[in-house]
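This report refers to the structure that appears directly beneath it.
Just so it is clear, the model here is predicted, and its values are computed rather than measured. Counting convention: from 1, in listed order, for ligands and their atoms alike.
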Amino acid sequence: MPTLREIVNRNVKEGDLYEKLDRNRVRCYACGHCCPIPEGQPGVCKVRFNEGGTLYVPWGYVGGVQCDPIEKKPFFHAYPGALAYSFGMLGCDLHCGYCQNWVTSQALRDPSAISSPLRADPEKLVQDALRQGAKVLVSTYNEPLITSEWAVAVFKAAKSAGLLTAFVSNGNGTPQVLEYLRPWIDLYKVDLKSFSDRHYHELGGRIGPILDTIRRLHVMGIWMELVTLLIPGFNDSADELKKLAAFVADVSPDIPWHVTAFHKDYKMSDPENTRPEDLMHAVEIAKAAGLRYVYAGNLPGMVEGHENTYCHRCHELLVRRYSYLIEEYRISPDGRCPTCNTAIPGRWSTRFDGQITDRPFLPRRSSHLVTIS
Ligand code: SF4
């Protein structure tokens, strides 16, 4: 049986996002690390590597697939009720101790993260998505920026079939990768983990490229929502939250910000789980900073209506939710408040057709997704 490293190293093609340097070195631009990679070595992400002065990148497999409501990503202002077909590969450019997708993201760093990649083909993934009734294809589970060439191949097939596309990402991008994605991507969720460079160093990154990515995505007109997992004692100080909220409001007060509850996971088991009052405190700070659409997540029914969408002008209820479930939908076909006619920021369908929450998808029974051996 080949090792996971052998499988990953075999399922590659030459990357697009790099330049050749002297002495057979290359520089990769797929994420904010911009690794200079000597011959024979991988980058920080462990899945892109230099062989003979050529950068090889992951190709032709998925680490997992699943089809579920777009609200789970979470996107609350993009095609509510739509089914999102999610796929991921392996590896990440960060190493967060609380990662909820660590089995795929840390597969090549952590021997206890055991993953079996499945052979995949862009057209067949799209056929699966269509068969499931999906409207959006989402690259997620690992950090999608580091596997952007594969994501673009899948997104091109998705676009030809009339589907929308999205990234669920840590936002550690570069100008080059964002321009590369721009023609093929509709929605982008950035996980803004903290507003402290010191905290980002602990997770293996820097805050600068992430803030730059958020600014660029907004200027590019790609619909973006932000998520911050609120971890007691790590990123929940009033000072840090005020700075974070002020930054987002300065980019645009219309960007939805989801502040979600932490529960003990992976290597981070010291902090207490986030309480409803912690989320409410963050919501108050964000509202005071001028953010118009702030959501409290992961504690359904415990956050005093902060799972709902209200018109920022007249405060009319527009979408009532319990967790990711939509219980009432009142946005007009042209994306406006039905009471005061204010345009609600987001990407709206002309009709809300209800929400499908019961699509089981069993990849190992699928006709084409088979384990690579
Ligand atoms: S994706 Fe990021 S971590 Fe991986 S090789 Fe490229 S620059 Fe380095």
Side-chain angles (χ1 to χ4, degrees), residues 4-5 7-63 87-97 99 101-102 104-110 113 115 117 139-155 167-182 184-185 188 190-191 193 197 200-214 216-217:
L4 185 58
R5 163 57 63 201
I7 291 173
V8 167
N9 282 3
R10 239 187 259 149
N11 290 277
V12 291
K13 70 155 211 153
E14 183 178 358
D16 296 328
L17 290 158
Y18 82 106
E19 65 174 354
K20 291 180 185 280
L21 303 176
D22 59 353
R23 290 178 282 125
N24 260 5
R25 294 178 310 139
V26 300
R27 184 176 303 280
C28 175
Y29 292 117
C31 89
H33 291 318
C34 294
C35 298
I37 312 175
E39 184 173 356
Q41 297 297 316
V44 168
C45 59
K46 309 282 185 209
V47 294
R48 299 167 76 92
F49 60 90
N50 176 353
E51 193 172 289
T54 297
L55 183 73
Y56 288 93
V57 305
W59 195 259
Y61 73 87
V62 290
F87 65 93
M89 298 187 94
L90 298 175
C92 190
D93 51 332
L94 302 182
H95 46 78
C96 308
C99 184
N101 290 321
W102 64 276
T104 45
S105 72
Q106 303 301 315
L108 292 152
R109 285 202 187 94
D110 185 336
S115 270
S139 185
T140 178
Y141 303 138
N142 75 318
E143 172 47 47
L145 286 166
I146 70 171
T147 47
S148 285
E149 288 91 345
W150 172 250
V152 163
V154 177
F155 287 178
F167 259 25
V168 171
S169 161
N170 62 29
N172 187 25
T174 63
Q176 292 91 336
V177 73
L178 296 180
E179 283 301 329
Y180 181 76
L181 294 168
R182 185 179 195 161
W184 309 109
I185 194 162
Y188 204 118
V190 175
D191 189 0
K193 297 169 189 290
D197 199 41
Y200 263 103
H201 275 278
E202 288 173 29
L203 307 176
R206 294 176 296 130
I207 195 169
I210 289 140
L211 302 187
D212 197 38
T213 295
I214 290 170
R216 281 178 194 278
L217 287 167

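Asp212 contributes no side-chain N or O that, together with a main-chain N or O of Gly208, makes up a donor-acceptor pair within less than 3.5 Å. Between the side chain of Thr147 and the backbone N or O of Pro58, no donor-acceptor pair lies under 3.5 Å. The backbone N or O of Gly171 sits nowhere less than 3.5 Å from a side-chain atom of Tyr188 that would complete a donor-acceptor pair.
Annotation for Arg25 and Pro38: closest pair CG-CA, 3.9 Å, computed over non-hydrogen atoms.
Sorted by first and then second residue, the side-chain hydrogen bond (donor to acceptor under 3.5 Å, both in side chains) pairs with a member in residues 27-45 read Glu19-Tyr29, Asn24-Glu39; sequence neighbours excluded.
Protein atoms that are N, O or S and lie under 2.8 Å from atom 8 (Fe) of ligand 1 are these: Cys35 SG.
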Handout entry: Residues Asn142, Leu90; criterion side chain to side chain contact (heavy atoms under 4.5 Å, CB included); working and verdict
Key = CA-CA 5 Å; Asn142 75 318; Leu90 298 175; 5.5 Å; no
